Structure formats: structure tokens, C-alpha cells
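Since this is a predicted model, take the numbers as computed values, not measurements.
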Protein chains: 2
Amino acid sequence: MIAKPKPPPETTRAALLRAALELFGSQGYQGTSIREIAAAADSNIASIAYHFGGKEGLRVACADHVVGLLQQIAAPVLDLNVAQSPEDSGKNLSPDDARSKLVAMEQRMVHFLLSAPEAKPLVPFMLREMSDPSPVMDRIFTGVIEPVHRRLCQLWQDATGEPAESEQVRLTIFTLIGQIIYFRIGREVVLRRMQWPSYTEDRTEKIAGIIAANLEAVLSPSTQDQPSPGSSPE
Amino acid sequence: MIAKPKPPPETTRAALLRAALELFGSQGYQGTSIREIAAAADSNIASIAYHFGGKEGLRVACADHVVGLLQQIAAPVLDLNVAQSPEDSGKNLSPDDARSKLVAMEQRMVHFLLSAPEAKPLVPFMLREMSDPSPVMDRIFTGVIEPVHRRLCQLWQDATGEPAESEQVRLTIFTLIGQIIYFRIGREVVLRRMQWPSYTEDRTEKIAGIIAANLEAVLSPSTQDQPSPGSSPE
DNA sequence: GTCTATAAACAGATAGAC
DNA sequence: GTCTATCTGTTTATAGAC
């Protein structure tokens, strides 16, 4: 426990986790049998009960695994400026810095969700758990989604001056996230309409560019009236 | 067959369809048993085989039903200007008209997806079929998604002059649709982050207003450089 | 820790009475 | 057209050999 922080006694366990993540992601939780998982992991059904207590335990373990990995990936991006200098308080950026950091984060998210190889097993699982309000969604929300959303809201404040936790800003950040995530969730629809067989680096880059342009357009004052959000002409 | 174009001999059939739509939408296809459906329709399992041939037949019938209803709902919006006058050719609008029609369609879609009572049973089913690439997705895509997307692209062309079927425009329309649909698919996440117990009319209106503002910002020339999409500084 | 064998519950489909 | 009863296969979970 002390001398060996990470020995590899988790061959079977890890294989089951990998297989489950993959299959839950592609077929859904209810659409996947523990037989399939055991077969894909070159193991047997009983090993799932042994290591995870059952199918639901395996689901929870997948969620924790995903949250851990995503936090690891998101960490360097989330506190790029927090740990820069001690007296900086790590909270305020110049509007231009915040603006370009927002665009940079958007680009990263698009590339990660659409074509990063390390995201391939994680993202489908996460998105399914996000749609299905399962008891597992809690960990994913608290561990990943909320921190990232809060960070984006903070950057938005630094870029525009609008209060980060206002309804207006929180919802606007969701419209940004929605644009990105739709290209994953609605993947089959997009590919079909675009007559693309699959996403490639070039196509991902194109998508990221369009969302970046949208983002910059919304961030721009545009010298028009944007007094209060509730005064739409309807 | 001729004298009675639509008598009501479809009490059980209709009840099964309604129940299936509801349960498939909330629990997913594989997460729903035909026993549940029969029970919810106050019928029995055998009636499903009799009326629809089996569970998969019921799924297809649900898809057709949804496509029919959505087309009925979307029709008056889609060809509002097509049937206006014969010599109008029904294709070209003034930029201002196209622009306000785009905003109007966005508002309609948000309200329909988030709080229209008639959408409540349809939308979850459709969104699930859209994520899972099932053989049923075909009908939904061809019947609803593609026509709506094409119409939006056409309006975008009328509003901006960019060619409707260009990659640029088709993807931009998807960023618009993504913003809207995310508030449905990511509903649980949004509600939690906003600390809202549920969507209300006011909140839906607020969301619609923010997306409308984004749309207008992107549609505006903004007097900045927007020469070609591939020349991002990176 | 790993695996085979089996139990108990569940799925979808169907036969046949009414 | 409707429904009960049943068939057949599959599911998760588990007991027990190794």
C-alpha cells in the first residue's frame, strides 16, 4: 500500500473497464449485456460481479474513470492563469487575453470532442450519461461539466465585463457549449447532411473555425443596441 | 375502405402508439419492454404483435407517426412564402425579411422543443433516434431534419448572399440548431447549473432571446474582416 | 482471482380460446 | 380484435470447483 503505489494487479479489472466504457458508449447501458463486456475483455461474467459487484457497479466505475481522466485533461487548461503568479489572484485577465483564451478553449474542446484519439472511448459514454439522467450523471456534472462551465463564465466576464454568474452569461456559455457538443451528439445527422463519410482533421478544423467566428461575433459590441435581454420585440 | 376514410377503429392501436412513444422517449428503446407498453396502454403483449408485428415494428410506427406530426407542424412554417404567389417562384426574400424570418423560426423551434405541450411526447423520441443511428433515423432525417435544414440554409442565403448549400452555410445552420437542441438534450445539465427546477415560459423566452441575439450578431457584417473561413490565425 | 455451471427472473413472440 | 397462457431464448447474479 505504501511501497507499491501503482503495481499492475489490475489486468482483468482494467480490461473490463475499458470494454465496458467502449460498449456502454456505443450501445448504451441497457443495450449492452455483461456477457458482451466479459467477452470483449477476454474474461467471464462472474468477474464483473467479483470486481464491481454487478452491472450497475461497473457503470459507476466507468463514470468515475471518465471523470478522473477528463479532470486530468481539463486541469492544465482550467487553471492556466490561476497558477501564473501568486499576487495575480488568478482571477482577472485583460479583455483581450480573456477573449483569445475563450477562443482557444473552444478550439480545444471541438478538437477533443470530434477527433482526439484519447477522447474516443470517453466522450460517447459521457454524452449518454448526460442525456439519460442516471444517478451517475451527478459525478460527471460536479467533476467535469460544472467546473468547465464556471471557468468559461469567468472568462466571459473578463472579456465583456458582464457578471460571470448572471443568468445571461451562464446561458450564453451554454449556447457556446451547445454548438460544440451538437457536432458530437448529432454526428450522424451532420455527416449525412454534409455528405461526409466521417469527420477528418480538416473538417474538424472547419467546424472549429465557424464556431470561433460565431463566438467572436457575439463577443463583439457590434455597436448596436444590447441594453437588456428581456426587451425583445417579440 | 372508400366510404369511411377515417373511422375510429384504432383505439387500442392508438393507445399502444402513444404509450410506446412516451416510454421509448423517456427510457429508450432497449430500456423499455413491450410488457410496460402494453400495461401503459391498458392492453396486453399480444396486441403489439397483432398490430405492429413486434417491438421493432412498433418502433418504426412511432417514427412514422412522429415524422407525420412534425411535418404537419413544420409545414406552415416551411413554405410560408412558397405558396404566397405563383409567379413569386417562392424562393427569394429580401435580406431583411429573410433575417427576421430566421429569427422567427429560431424562436418557434426553441418554444416548440422546450415548452410546447404537443412536442412533449415527440421530441424525446426523436432526439433518441437521432443520437442512436438506428434504421429508423432515416425516416426522421429525410422527413423532418433535412427539409428544415435546407429551408434554414435558403433563408441564410437570402439574408446574407452566401450560397445556401455551401459548406460554410450548412455548418453555420448546424451551429444554430445545436444551440437550440442542446437545451433539450442537455436539459438536466442546464437545469442543474441554472438551479432551475424546470423550464418555464419565462425561462424558455429568455433562452430564445439569447439565441436570437447570437443569431443577429452572427448575421451582422460587424464591419470586421470575414474574408474566407479557412484563414483563421490559429 | 479466475472460471464453469446453474439458478431465477426477464425478454419477445406466439398458440389458441373467446 | 382481444386476451390468457405458454414457449423459447436471454438476462443478471451466484454457487462452488480450481
(message) Test of understanding: with ring pair (Phe, Tyr, Trp, His ring centres under 6.0 Å), list the residues that count as partners of B:Phe24, not counting sequence neighbours.
(response) B:Tyr29

(request) Mind checking ring pair (Phe, Tyr, Trp, His ring centres under 6.0 Å) for A:His65 and listing every partner two or more places apart, or none if nothing turns up? (result) none

Quick check: closest heavy atoms across [X] and [Y], and the distance to 0.1 Å?
{"X": "B:Leu17", "Y": "B:Ala61", "value": "CD1-CB, 3.7 Å"}
{"X": "A:Glu106", "Y": "A:Ala208", "value": "OE2-O, 3.1 Å"}
{"X": "A:Leu78", "Y": "A:Val148", "value": "CD2-CA, 4.0 Å"}

In whole Å, what is the span from the [atom1] atom of [X] to the [atom2] atom of [N]?
{"X": "B:Asp42", "N": "D:dG1", "atom1": "CG", "atom2": "C1'", "result": "16 Å"}
{"X": "B:His51", "N": "D:dC3", "atom1": "NE2", "atom2": "C1'", "result": "11 Å"}
{"X": "B:Leu16", "N": "C:dG12", "atom1": "CG", "atom2": "P", "result": "14 Å"}

(message) Strictly under 4.0 angstrom, non-hydrogen atoms only: write out the protein contact profile of nucleotides 13-18 of chain D, one letter per nucleotide from the 5' end, B, S or -.
(response) BBB---

(request) Start with the C-alpha distance between A:Arg59 and A:Glu129, add both sets of side-chain angles, then the distance that settles salt bridge (charged side-chain N to carboxylate O under 4.0 Å, His left out), and finish with yes or no. (result) CA-CA 10 Å; A:Arg59 182 187 207 167; A:Glu129 293 294 334; 2.9 Å; yes

For a quick test of reading the model: is some side-chain N or O of [X] closer than 4.0 Å to OP1 or OP2 of [N]?
{"X": "B:Ser47", "N": "D:dG1", "value": "no"}
{"X": "B:Ser43", "N": "D:dC3", "value": "yes"}
{"X": "A:Thr12", "N": "C:dT2", "value": "yes"}

Side-chain polar contacts of residues 181-192 of chain A - donor-acceptor pairs under 3.5 angstrom, sequence neighbours left out - could you list them?
unit_1: A:Arg184; atom_1: NE; unit_2: A:Leu113; atom_2: O; d: 2.8
unit_1: A:Arg192; atom_1: NH1; unit_2: B:Asp138; atom_2: OD1; d: 3.0
unit_1: A:Arg192; atom_1: NH2; unit_2: B:Asp138; atom_2: OD1; d: 3.1

(request) Output, in order, the C-alpha distance, side-chain angles, deciding distance and verdict of side chain to side chain contact (heavy atoms under 4.5 Å, CB included) for B:Met130 and B:Ile140. (result) CA-CA 8 Å; B:Met130 195 162 61; B:Ile140 296 176; 6.0 Å; no

(message) Please give the stem ranges for DNA chain D, sorted by first residue number, where a stem is three or more consecutive Watson-Crick or G-U pairs and both donor-acceptor distances are under 3.5 Å.
(response)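 Consecutive-pair runs (3 or more) involving DNA chain D: C:1-10 with D:9-18, C:12-18 with D:1-7.
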
(request) Would you jot down, in residue-number order, the residues of residues 17-30 of chain A having a non-hydrogen atom under 4.0 Å from DNA chain C? (result)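 DNA chain C contact set from residues 17-30 of chain A: none.
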
(message) B:Gln30 vs A:Gln27, test: side chain to side chain contact (heavy atoms under 4.5 Å, CB included). Steps then yes/no.
(response) CA-CA 10 Å; B:Gln30 279 145 334; A:Gln27 308 179 336; 5.9 Å; no

(request) Please lay out, stage by stage, how A:Glu22 and A:Arg18 fare under the test salt bridge (charged side-chain N to carboxylate O under 4.0 Å, His left out). (result) CA-CA 6 Å; A:Glu22 156 91 27; A:Arg18 246 179 17 95; over 6 Å; no

(request) Using modelled atom types only, decide if a donor and an acceptor are shared between the side chain of A:Gln71 and the backbone of A:Gly143 within a distance under 3.5 Å. (result)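 Here the side-chain-to-backbone pair exists.
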
